[in-house]
Amino acid sequence: MNQDQIAGTATDLTGKVKETIGSATGDTQTQNAGVADQISGKVQKTIGDTRETVAAAAAPFADKARKFANDRPFAAAALAGVVGLAILNTLRGKKA
């Protein structure tokens, strides 16, 4: 679990408590604040879930890139140079 998932879950639970208290006391402002906190918490938790998924999906590619760079350092340097030049040309507005 990452920080966003933990904080999102905590905010969601806080919102549920606020909504319940607002419902019990008839305070619509507290109840609405609770609903808003729940939505905010769910969004933050979803962001955390997405980060976890991306990190898990990218890990095999990062391992392959590290292995390629260790096995073929000159080819990796040449590839990095070509990519760097392509990025520079793109940023400057030139077409290849």
Side-chain angles (χ1 to χ4, degrees):
M1 269 191 123
N2 63 32
Q3 191 65 27
D4 285 323
Q5 291 171 316
I6 295 167
T9 301
T11 304
D12 185 30
L13 290 175
T14 302
K16 288 179 184 178
V17 170
K18 280 185 183 179
E19 183 183 13
T20 303
I21 291 171
S23 293
T25 61
D27 184 2
T28 57
Q29 189 174 8
T30 302
Q31 188 177 4
N32 292 337
V35 171
D37 285 349
Q38 289 178 51
I39 293 169
S40 174
K42 287 177 182 165
V43 168
Q44 190 171 11
K45 185 177 181 310
T46 301
I47 289 170
D49 292 343
T50 303
R51 284 187 178 170
E52 288 279 321
T53 302
V54 168
F61 295 115
D63 291 340
K64 286 182 182 180
R66 254 186 238 103
K67 184 176 180 338
F68 178 80
N70 285 335
D71 292 347
R72 300 173 192 91
F74 294 116
L79 180 61
V82 168
V83 170
L85 287 174
I87 291 171
L88 282 175
N89 284 337
T90 302
L91 293 176
R92 291 189 344 199
K94 291 186 176 180
K95 294 182 181 178

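For the numbers below, each heavy atom of this structure counts, side chains included, while hydrogens, waters and symmetry mates do not.
Cluster partners of Ile21, using a side-chain heavy-atom cutoff of under 4.5 Å among ILVMFWY residues and allowing indirect links, are Val17. Here Val82 is tied to no hydrophobic group at all, with no ILVMFWY side chain closer than 4.5 Å.
Sorted by first and then second residue, the salt bridge (Lys or Arg N to Asp or Glu O under 4.0 Å) pairs with a member in residues 20-44 read Lys18-Asp37; sequence neighbours excluded. Annotation: salt bridge (Lys or Arg N to Asp or Glu O under 4.0 Å) contacts involving residues 73-85, sequence neighbours excluded, are absent. Sorted by first and then second residue, the salt bridge (Lys or Arg N to Asp or Glu O under 4.0 Å) pairs involving residues 70-80 (not counting sequence neighbours) are Lys67-Asp71.
Remark: Ala76 engages Phe68, Ala69 in a side-chain contact (heavy atoms from CB on, under 4.5 Å) (not counting sequence neighbours). Partners of Asp49 by salt bridge (charged side-chain N to carboxylate O under 4.0 Å, His left out), not counting sequence neighbours, listed by chain and number: Lys45. Ser23 pairs by the side chain to side chain donor-acceptor pair (under 3.5 Å) definition with Gln31, not counting sequence neighbours. Every residue meeting the side chain to side chain donor-acceptor pair (under 3.5 Å) condition with Arg66, not counting sequence neighbours, appears here in chain and number order: Asp63. Every residue two or more places apart in sequence or in another chain was checked for a side chain to side chain donor-acceptor pair (under 3.5 Å) with Asp12, and none qualifies. Here Ile47 pairs with Asp4, Val43, Arg51 under the side-chain contact (heavy atoms from CB on, under 4.5 Å) rule; sequence neighbours left out. By the side-chain contact (heavy atoms from CB on, under 4.5 Å) test, Val54 is found to be paired with Thr50, residues two or more places apart in sequence or in another chain being considered.
Looking at every heavy atom in both residues, Met1 comes nearest to Glu52 through C-OE2, 3.9 Å.
By the criterion of side-chain heavy atoms lying less than 4.5 angstrom apart, applied directly or through intervening Ile, Leu, Val, Met, Phe, Trp or Tyr residues, Val83 is grouped together with Leu91 in one hydrophobic cluster.
A donor-acceptor pair under 3.5 Å links the side-chain atoms of Gln5 to the main chain of Asn2, judged by distance alone. Ser40 contributes no side-chain N or O that, together with a main-chain N or O of Ala36, makes up a donor-acceptor pair within less than 3.5 Å.
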